[in-house]
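Each ligand, and each atom within it, is numbered from 1 in the order the structure gives.
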Amino acid sequence: MNVTSYLKRAENPATRAAQYADLVKEYYDSVTPFYRWGWGENFHFAPFLGDEPVSRALEAQQRLLVREAGITRGKKVLDVGCGVGGPTRSIARMTGAHITGITISPAQVQMAQRMTARQGLEDLCYVMLGDAMEMGFEDRSFDVVYMIESACHMPDRAAFFAQCARVLRPGGTLAGWDWIRTSESEDAVEKALIDPICSYFTLPNLYTLTELRGHLEGAGLEVLRAEDMGQEGSATRRWWNPLEVQLDSWLSHIACRLSSTLAMMRKSGELLVSAGRAGVFSPLGFFSARKPIPR
Ligand code: SAH
């Protein structure tokens, strides 16, 4: 990855929106091997109750999604923006549901397919290449559509959630969590914390829970829940703590001198921690909604 060129293009909000497909693909194709190294198979955050291992917190968060979305054995489920399929496989294993994952990153598809085969989950999980803004699935083809920290990348959230609602069957559930701005105001100090996150991670902008709720309703869905889980759980151990520990490690300090991609990732991790600590950002905007059954 040419980090300088990527950051230059991603710095401009209009370019981020117009070239989202290229930028998001370039970003994830490059960072995914390092994410695997640092985070394993699940590329998402979770609240902590106490000093439980990160893997336990991630699993608890996925179980919450399973309950909220009503994912059970035999259901047809779509995982939008599935990364290397960590949550896809984990949720399939928990429930026996049939889950299709899509990601815009060819590198992630390759890794996901290899891991799915190695873990003997090919009967339940299928990860494919695709752009969530233009999903080729038939209308009403899934019982559940979920997304974990991926909607934030979509250049037009109203159109994106409309796509998700289209492929969901009436009575089906859409759920997940997303990166959000936790303050309604847009003062300069907050902008200085939020704007670089959008550039580094190639997000068109960051929306609030109120805006997210509006998009779900605009897509004809009945909102069941929309809340920030970033403040939940332990008061002393927040979602950013493991990231902060990683950033403080000597390995991280040395590694970012060896690779410009790692240096970029280090900076982007620091941005998340600062915005989290300042209380203006959360990666845990949780939501669930139902597609009404027409009378
Ligand atoms: N949900 C996964 C990955 C989160 S990272 C996990 O929790 O492990 C965000 C994911 O969204 C990446 O896999 C990225 O490729 C995907 N993504 C972003 N924009 C996309 C788009 N337009 N179409 C499909 N996938 C997209």
Which option wins on minimum heavy-atom distance to [atom]: [options]?
| atom | options | result |
| --- | --- | --- |
| atom 19 (N) of ligand 1 | E149, Q108, H153 | H153 |
| atom 23 (N) of ligand 1 | S150, G85, A132 | A132 |
| atom 22 (N) of ligand 1 | L58, D131, D79 | D131 |

Numbered atoms and elements of ligand 1 in range of [X], under 4.0 angstrom, heavy atoms:
| X | answer |
| --- | --- |
| G130 | 23 (N), 24 (C) |
| H44 | 7 (O) |
| V24 | 18 (C), 19 (N) |
| C82 | 2 (C), 3 (C) |

Looking only at side-chain N and O atoms, does [Y] offer a donor or acceptor that is under 3.5 Å from a partner on [X]?
| X | Y | result |
| --- | --- | --- |
| D29 | Q108 | no |
| Q246 | S249 | no |
| S252 | R266 | yes |
| S282 | D228 | yes |

Hey, is ligand 1 close enough to [X] that some N/O pair sits below 3.5 Å?
| X | result |
| --- | --- |
| I104 | yes |
| G81 | yes |
| M154 | no |
| F43 | yes |

[atom1]/[X]: more than 12 non-hydrogen atoms of other groups inside 6.0 Å:
| X | atom1 | result |
| --- | --- | --- |
| K75 | NZ | yes |
| D139 | CG | yes |
| R56 | CZ | no |

Does ligand 1 have a heavy atom under 4.0 Å from the side chain of [X], from its backbone, from both, or from neither?
| X | result |
| --- | --- |
| A21 | neither |
| T103 | both |
| P87 | side chain |
| Y28 | side chain |

Check the angle between the aromatic planes of W179 and F45 and answer parallel, tilted or perpendicular using the 30° and 60° thresholds. tilted

What is the ring orientation for Y35 with F43, classed by angle as parallel under 30°, tilted 30 to 60°, or perpendicular over 60°? perpendicular

Mark yes or no: R157 above the aromatic ring of Y207, with NZ or CZ under 6.0 Å from the six-membered ring centre and no more than 45 degrees from the axis.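 The answer is yes, since R157 meets both limits relative to Y207.
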
Nearest protein heavy atom with distance in Å, relative to atom 4 (C) of ligand 1: I148 O, 3.5 Å

